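Everything below concerns the one structure shown next.
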Amino acid sequence: NAGVTQTPKFQVLKTGQSMTLQCAQDMNHEYMSWYRQDPGMGLRLIHYSVGAGITDQGEVPNGYNVSRSTTEDFPLRLLSAAPSQTSVYFCASSARGGQGYEQYFGPGTRLTVT
Amino acid sequence: SQQGEEDPQALSIQEGENATMNCSYKTSINNLQWYRQNSGRGLVHLILIRSNEREKHSGRLRVTLDTSKKSSSLLITASRAADTASYFCATDSGGYQKVTFGTGTKLQVIP
């Protein structure tokens, strides 16, 4: 199993450009999330999904869109990039049930907006 | 908003010593997890402790949970250079969307 994969690894955008960060998992997990990680701030939840066709906002959703048409894929779209969106973005997935929501993380996408 | 806050922010120890890091949180939780993040990589799950558990072990890791003080500690015994990483606690206060991560402790183990 590849686990959770993310592309690209690095990206530089100009202010106002749009792009999509890709995330895929091959573990048949129902739950998926997007986080951003900024120095000294831990991970903050952007959007999450509890199943195909179901998405919802997290703590910091402004400027981002998501969709979940399949169990495997959960892309994150930046609508009009701003310097404040410079960050490292992580996608994570988790199985329903069990003892808790143990999350499996992708390797991250480092985004710089100039 | 961050539910968990780790302490200390950074820790430097010699190989073979024990490392202890703490996590404090604000509201009641269902469980608490600890994750490790190596530089430039994603987080990796280490251990989960439920709210009705007080202590849990996994290899060289020992986690304690004190719900009355709303705090947890992660002890890494006989540390190795490969343990150099950032460590995060994550609290589940009810539902997948309510898992929140702390700001992390950066551990350096000097060979």
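Here the structure is a predicted model, which is why all the values come from computation and not from measurement. Proteins come first, then strands; the chains are lettered A, B, ... in the order of their sequence lines, and each starts at number 1.
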Given that the side chain runs from C-beta out, which part of [X] has a heavy atom under 4.5 Å from chain B: side chain, backbone, both or neither?
| X | answer |
| --- | --- |
| A:Tyr35 | side chain |
| A:Thr109 | neither |
| A:Gln37 | side chain |

Just checking, any donor-acceptor pair under 3.5 angstrom between side chains of A:Tyr101 and A:Gln103? no
Answer yes or no: does atom CD of B:Glu17 have more than 12 heavy-atom neighbours from other residues, nucleotides or ligands under 6.0 Å? yes
Using a 6.0 Å cut-off, check whether atom CZ of B:Arg80 has over 12 heavy atoms from anything other than its own residue. no
Given B:Gln9, B:Glu6, B:Arg41, the one with more heavy-atom pairs under 4.5 angstrom with chain A than any other is B:Arg41
Taking only residues two or more places apart in sequence or in another chain, which ones pass ring pair (Phe, Tyr, Trp, His ring centres under 6.0 Å) with A:Tyr64? A:Tyr89
Applying a strict 4.5 Å limit to non-hydrogen atoms, the region of B:Gln37 in contact with chain A is side chain
Residue that, paired with B:Phe101, satisfies ring-ring contact (aromatic ring centres under 6.0 Å, His included) out of B:Tyr35, B:Trp34, B:Phe88, B:Tyr25: B:Tyr35
